[in-house]
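Here is the structure we will look at, set down as structure tokens.
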Amino acid sequence: MDKLSFQNPLFNTYAIAASIMILKAVMMSWLTVVRMMQVKGGFRSPEDIKKTILNPNPSAEQLAPNEYVDRIRRIS
């Protein structure tokens with residue numbers, strides 16, 4: 001049980017690396033949403049272009065690929 005404590009340098013390093021990876025995954029998903037809202041496009045599914053408060057003027061062009069948004073998706 002001593003191996004699974006923060007006194008063990010190897011477990012300590014693993015816990016820090018795992019925490020950073022989880023934080024990155026969460027942040028990248030929100031960054032993708034922010035970029036989609038900035039360019040008002042790059043959506044993936046037809047449900048995304050429904051008229052809402054955040055998307056008052058939906059159009060079919062919003063489903064077209066957007067390089068600014070897709071770059072973040074590839075990084076994730």
Side-chain angles (χ1 to χ4, degrees):
M1 209 51 186
D2 187 35
K3 293 181 181 180
L4 296 179
S5 72
F6 286 104
Q7 303 304 322
N8 182 354
L10 185 61
F11 180 76
N12 197 15
T13 304
Y14 173 77
I16 291 170
S19 299
I20 291 171
M21 293 298 293
I22 291 169
L23 183 63
K24 177 194 178 276
V26 170
M27 295 301 292
M28 293 307 286
S29 63
W30 282 107
L31 183 58
T32 302
V33 171
V34 167
R35 284 197 173 190
M36 285 190 301
M37 293 295 107
Q38 284 177 345
V39 299
K40 296 188 186 332
F43 302 133
R44 287 236 167 136
S45 63
E47 293 87 24
D48 293 338
I49 60 170
K50 289 183 179 178
K51 186 172 184 169
T52 63
I53 296 171
L54 296 175
N55 192 9
N57 301 316
S59 70
E61 295 172 359
Q62 291 175 321
L63 290 175
N66 184 301
E67 184 59 31
Y68 188 62
V69 176
D70 286 338
R71 184 166 192 264
I72 289 296
R73 285 189 180 122
R74 288 191 302 266
I75 291 173
S76 300

Task: From CZ (Phe43) to CG (Asn66), nearest 0.5 Å - done: 9.5 Å
Open item on the list: To the closest 0.5 Å, what do you measure between NZ (Lys50) and OG (Ser45)?
Closed with: 9.0 Å
Task: Distance, nearest 0.5 Å, that separates CG of Leu4 from OH of Tyr14 - done: 10.5 Å
TODO: Check which hydrophobic residues are tied to Met27 through side-chain heavy-atom contacts below 4.5 Å, counting indirect links as well, and list them.
DONE: Leu23
Open item on the list: Applying a strict under-4.5 Å side-chain criterion to I, L, V, M, F, W and Y, I'd like to know whether Leu54 and Val69 cluster together.
Closed with: yes
TODO: First locate atom CH2 of Trp30, then atom CD1 of Ile72, and finally report the distance between them rounded to the nearest 0.5 Å.
DONE: 15.0 Å
Task: Side chain Asn8, main chain Lys3, donor-acceptor under 3.5 Å - done: yes
TODO: Please report the shortest heavy-atom distance between Pro58 and Ile49, naming the atom on each side.
DONE: CB-O, 2.7 Å
TODO: Determine, step by step, whether Gln62 and Asn55 satisfy the side-chain hydrogen bond (donor to acceptor under 3.5 Å, both in side chains) criterion, reporting the C-alpha distance in whole Å, the side-chain angles of both residues, the deciding distance to 0.1 Å, and the verdict.
DONE: CA-CA 10 Å; Gln62 291 175 321; Asn55 192 9; 3.1 Å; yes
Open item on the list: As an exercise, state the distance from OG of Ser59 to NZ of Lys51, rounded to the nearest 0.5 Å.
Closed with: 12.5 Å
Task: Residues in salt bridge (charged side-chain N to carboxylate O under 4.0 Å, His left out) contact with Glu67, at least two apart in sequence or another chain - done: Arg74
Side chains of residues 31-42: which donor-acceptor pairs under 3.5 Å do they make with residues two or more places apart or in other chains?
unit_1: Thr32; atom_1: OG1; unit_2: Met28; atom_2: O; d: 2.9
unit_1: Arg35; atom_1: NH1; unit_2: Tyr68; atom_2: O; d: 3.0
unit_1: Gln38; atom_1: OE1; unit_2: Tyr68; atom_2: OH; d: 3.4

TODO: Provide the closest heavy-atom pair for Ala15 versus Phe6 in the form atom of the first, atom of the second, distance.
DONE: CB-CE2, 3.6 Å
Open item on the list: Within this structure, what is the CG-CZ distance for the pair Leu63 and Arg44, rounded to the nearest 0.5 Å?
Closed with: 11.5 Å
